Colleague: 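Dumping the structure here so I can ask a few things about it.
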Amino acid sequence: MSSLARAIQDYSLLSDEECDQRIQAAKATLGDSCVVLGHHYQRNEVFKHADVSGDSLKLSNYAANSSAKYIVFCGVHFMAEVSDILSRPDQVTILPDLAAGCSMADMANRKNVERSWKELNSVINADEQVTPVTYINSAADLKAFCGEHEGIVCTSSNAQQVLDWCFEKREKILFFPDEHLGRNTGYRMGIPLEDMVVWDFNQPLGGSTKAQIQNAKMILWKGFCSVHQMFQAEQIDDFKKQHPETIVIAHPEANFGVCEKADFVGSTEMILKTVRDAKPNTRWLVATELNLVNRLNEEVKDQGKHVHFMSPTVAMCSTMFRTDPQHLAWVLENLVDGNVVNSIEVNQDDKLMAKKALNSMLSI
Ligand code: 13P
Ligand code: SF4
């Protein structure tokens, strides 16, 4: 390692075009030792440099099997943590901007989940009756909590299979941190809404009665994605007044009303594939992040496909947006110099247990 790492301040005034050239040059020098992963919500200026793009599951799988020494993750913090957990000990995961978090992931933390588990145990035998499931959008110590309690992780693309796995083991599920993914998935599997309760960790017993908890099959943590909150069922009705032929596709983080009205519900990767594979001259209304929707529209417009963003107001993921070409150039040029900046390292205890919960998911 060279003695002095380059400073991010020296990059902040570079134009995107200068960064482009420097990113390309650094990647060429690093060759196979480095892979750049890009989530579908990344802005174009960053996304174009990704060697591999995908949803959370695809990128997790890639990180688990990559041979590159350095994994530069253009995504958010929990994704880089998963990459660190699943990759080999000699591999290094880098998050170009450490401030790229996920507001939904922050809605559950280990302290609140531990306290909630204890409260559940005062009403039912949670240790025997409940499987904890964490959406991959969560901190590593919550994945570790699931590993410690025979629980599991899920993503937006495998939630149904994961819930099936859980119900084969135990009768109830505590699902965190996204209330909507839990409800949308459970309902599509045939679990009636009356068999689900919302757990508001700010209230005693999550705001439910003992009888409600005893009768519930799914206990849904009261958390949400602020980006997907922007989509509302009325927006579908309004749009269809103008274009009745529209096909609606939504990410399962959108609320129940939107997902019930949607023709398709699925992960970012599934949304892309569905629209790409669709017949020409079709019209799509999409409930997910704006960068993905705009890029998809550009990609398929020559086939006569029209792809529209569902919300009348802009809904971008501000934390995904933190990763810019300046930060990407900075981490890559440091790697060329032999300096690792912004590595993500999950502590060994959490790593072990989080890996157990992640491996349960990957084995399904
Ligand atoms: P995907 O796994 O579907 O890409 O979703 C990740 C995410 O954060 C959606 O908000
Ligand atoms: Fe988190 Fe929502 Fe951003 Fe996805 S879109 S990373 S859930 S804040």
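Here the structure is a predicted model, which is why all the values come from computation and not from measurement. The analysis underlying the following values was restricted to heavy atoms, covering all of them including side chains, and did not include hydrogens, waters or symmetry mates. One-based numbering, in listed order, for ligands and for the atoms of each.
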Colleague: Need the ligand 1 atom indices (1-based, order shown) with element for anything under 4.0 Å from a heavy-atom of E253.
Modeller: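 The atoms of ligand 1 under 4.0 Å from a heavy atom of E253 are 7 (C), 8 (O), 9 (C), 10 (O).
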Colleague: Any atom of ligand 1 sitting under 4.0 Å from a heavy atom of N137?
Modeller: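 Heavy atoms of N137 do come under 4.0 Å of ligand 1.
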Colleague: May I ask you to decide if the ring planes of W221 and F176 are parallel, tilted or perpendicular, using 30° and 60° as cut-offs?
Modeller: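 Perpendicular.
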Colleague: For S343 and E345, does a side-chain donor sit closer than 3.5 Å to a side-chain acceptor?
Modeller: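 There is such a pair between these side chains.
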Colleague: Check whether any side-chain heavy atom of H306 lies under 4.5 Å from a side-chain heavy atom of H243, and answer yes or no.
Modeller: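 Counting from C-beta outward, H306 and H243 never come under 4.5 Å.
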Colleague: Does ligand 1 have any atom that is closer than 4.0 Å to a heavy atom of M270?
Modeller: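 It does not, in that no heavy atom of M270 comes within the 4.0 Å cut-off of ligand 1.
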Colleague: Can you check the number of protein N/O/S atoms within less than 2.8 Å of atom 3 (Fe) of ligand 2?
Modeller: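 Atoms of protein N, O or S type lying less than 2.8 Å from atom 3 (Fe) of ligand 2 total 1.
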Colleague: Does H39 have a heavy atom less than 4.0 Å from any atom of ligand 1?
Modeller: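 Heavy atoms of H39 do come under 4.0 Å of ligand 1.
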Colleague: Below the 3.5 angstrom mark, is there an N/O of T155, backbone or side chain, next to an N/O of ligand 1?
Modeller: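 So ligand 1 has no N or O lying under 3.5 Å from an N or O of T155.
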Colleague: Which bit of S156 is near ligand 1, meaning a heavy atom under 4.0 Å away: side chain, backbone, both or neither?
Modeller: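 The side chain, only.
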Colleague: What is the closest protein heavy atom to atom 5 (O) of ligand 1, and at what distance does it sit?
Modeller: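 Protein heavy atom with the smallest distance to atom 5 (O) of ligand 1: H251 NE2, 3.3 Å.
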Colleague: Step through it carefully: locate the ring centre of H180, locate the ring centre of H228, and say whether they are under 6.0 Å apart.
Modeller: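 For H180 and H228, the ring centres are not under 6.0 Å apart.
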Colleague: Could you tell me whether E269 approaches ligand 1 through its side chain, its backbone, both or neither, with non-hydrogen atoms closer than 4.0 Å?
Modeller: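 Neither part.
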Colleague: If the contact criterion is a heavy-atom separation under 4.0 Å, does H40 count as touching ligand 1?
Modeller: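 The answer is no: ligand 1 sits nowhere under 4.0 Å from a heavy atom of H40.
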